[in-house]
2 protein chains.
Amino acid sequence: MEKCDKKETIIQAALELVAEQGFHGAPMAMIAEKAGVGAGTIYRYFDCKDTLIKEVYRIVEERFVAALMEGYPEKGSVRERFLHMGAVLVRHLIQAPLELRFIEQFHNSPYGVIHRREKLFGDKEKDIIRELFDEARQQQIFKDLDLSILFALSFGPLVDVSRDHILGFINLSDQLIEQTVGACWDAVRR
Amino acid sequence: MEKCDKKETIIQAALELVAEQGFHGAPMAMIAEKAGVGAGTIYRYFDCKDTLIKEVYRIVEERFVAALMEGYPEKGSVRERFLHMGAVLVRHLIQAPLELRFIEQFHNSPYGVIHRREKLFGDKEKDIIRELFDEARQQQIFKDLDLSILFALSFGPLVDVSRDHILGFINLSDQLIEQTVGACWDAVRR
DNA sequence: TATAAAAGAATGAACGTTCATTCTGTAGGG
DNA sequence: CCCTACAGAATGAACGTTCATTCTTTTATA
């Protein structure tokens, strides 16, 4: 196995275990076993568990942003851009269920708290969204509410329905996704 | 200190520590210290940590349901009942911030997974809400979507904005709460 | 053969839980 | 009223377990 492959394998093993079992169910020994390497080997690639976990998060976030940006209609109307963003978000989440589960575990762990303190916004992705929302508010298309509230109205439900889909409570077809994103649009628009 | 007081004190200490620091930051020794009792004493009231944590959850949930039911306008229109439920939900969450944080920690922990498996619906509170939503859908007031999706559209954002308020990102006034619940109404209504 | 990589056993810290001991309040005998 | 005997509540040091991390040995590569 190539050096790079091995690192990838370890990251993937950590991602899967944390996503499926939470941090309690993902000790280093188990990550090593799942990756098919010795426990000590992990420390050749990451200097401690924190580093590994943060690296997994970084990669997941990266993929996430990339997915959201794909095919983004920069020149479209506010409504078009909003609907696109919402649908793409849900499709990405349900197509990569482990990533959503991992992010949720991460955010509700000591890592997440630290992460929140360190970052507090500033993503490329967030910037685009912020741009879209600011524009929509200025043009009086959206309700005159805090950005945080508009975010909550748009993405809160989308993440929730994605989780419900992943956990098998509902089955989201493309049509259902569009209807749900449409409902979010109704929530934010004037 | 009365026997009952002591049990209460332990429960409160556990609630606060878990809510503020997560399960990682709430070892039994620390819970004992915060409650002002010896570590062993806890085991006179709870036979293990699991039992203690589940008891805390039970109490928090109980208070939560009680808060939601208070002043519920059973005879009001669908819209009135919806708006009332939403506003009361948010007010309770931001007035008892530790309870929201505890519930979130609980759900994203091994306890939460087990809990989900064991219960899978069936609350008094959920029943009332389900009733309201079913009625609204039958009367064609709500969009024709799965109950889970309607839940996500209504309560997802409300929990999110409550969290944002607790964490200090926004400041929810009564007026803002009403506007936000109103926006959720827009999301679910036809 | 020499050097780097990998493995997994060893280590020590942190945790939940136990239990021998101490403390506190009450009942009974003088 | 005082002193002793006792019960059960409380304690916290000690135990066994689990985990991240380190160390030593083995394996592969050049």
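Because the structure is a prediction, the values reported are computed rather than measured. Computed from heavy atoms alone, side chains included, the values below leave out hydrogens, waters and symmetry copies. In what follows, chains are A, B, ... by sequence order, proteins preceding strands, each numbered from 1.
- Per the geometry, CD belonging to E33(B) stands 15 Å off C1' belonging to dC15(C), to the nearest Å.
- At a threshold of 4.0 Å, the pair R91(A)-D174(A) counts as salt-bridged, since one of the basic side-chain nitrogens sits closer than that to a carboxylate oxygen.
- H84(A) places a side-chain N or O within donor-acceptor distance of the main-chain N or O of G71(A), the cut-off being under 3.5 Å.
- L147(A) and L132(A) end up in the same hydrophobic cluster when Ile, Leu, Val, Met, Phe, Trp and Tyr side chains are linked at under 4.5 Å.
- Rounded to a whole Å, the CG atom of L17(B) is 11 Å from the P atom of dG16(C).
- For Y43(A), the listed nucleotide lying nearest its side chain is dA20(D); candidates were dA20(D), dT18(C), dC15(C).
- The interatomic distance linking I31(A) (CD1) with dG8(C) (P) rounds to 16 Å, in whole Å.
- Distances shown here put every side-chain N or O of K6(B) at or beyond 4.0 Å from the OP1 or OP2 atom of dA9(D).
- Between the NZ atom of K49(A) and the P atom of dC19(D) there is a distance of 9 Å, rounded to whole Å.
- We find that E61(B) and R58(B) are not joined by a salt bridge, their nearest charged nitrogen and carboxylate oxygen being 4.0 Å or further apart.
- Picking from dC19(D), dG16(C), dG12(D) the nucleotide with the shortest atom distance to the side chain of M28(B) gives dG16(C).
- Closest to the side chain of T41(A), from the set dG16(C), dG8(C), dA7(C), is dA7(C).
- Protein atom CD1 of I42(A) is 14 Å distant from nucleotide atom P of dC19(D), rounded to whole Å.
- Per the geometry, NZ belonging to K34(A) stands 18 Å off P belonging to dG8(C), to the nearest Å.
- Look at Y45(B) and you'll find a side-chain N or O under 4.0 angstrom from OP1 or OP2 of dA10(D).
- Comment: E104(B) engages R101(B) in a salt bridge, judged by a side-chain N to carboxylate O separation of less than 4.0 angstrom.
- We find that CD1 of I53(B) is positioned 14 Å from P of dC15(C), with the value rounded to whole Å.
- Distances from the side chain of R44(B) to the nucleotides dG8(D), dA7(C), dT21(D) place dG8(D) closest.
- Rounded to whole Å, atom P of dC15(C) lies 12 Å from atom NE2 of H24(A).
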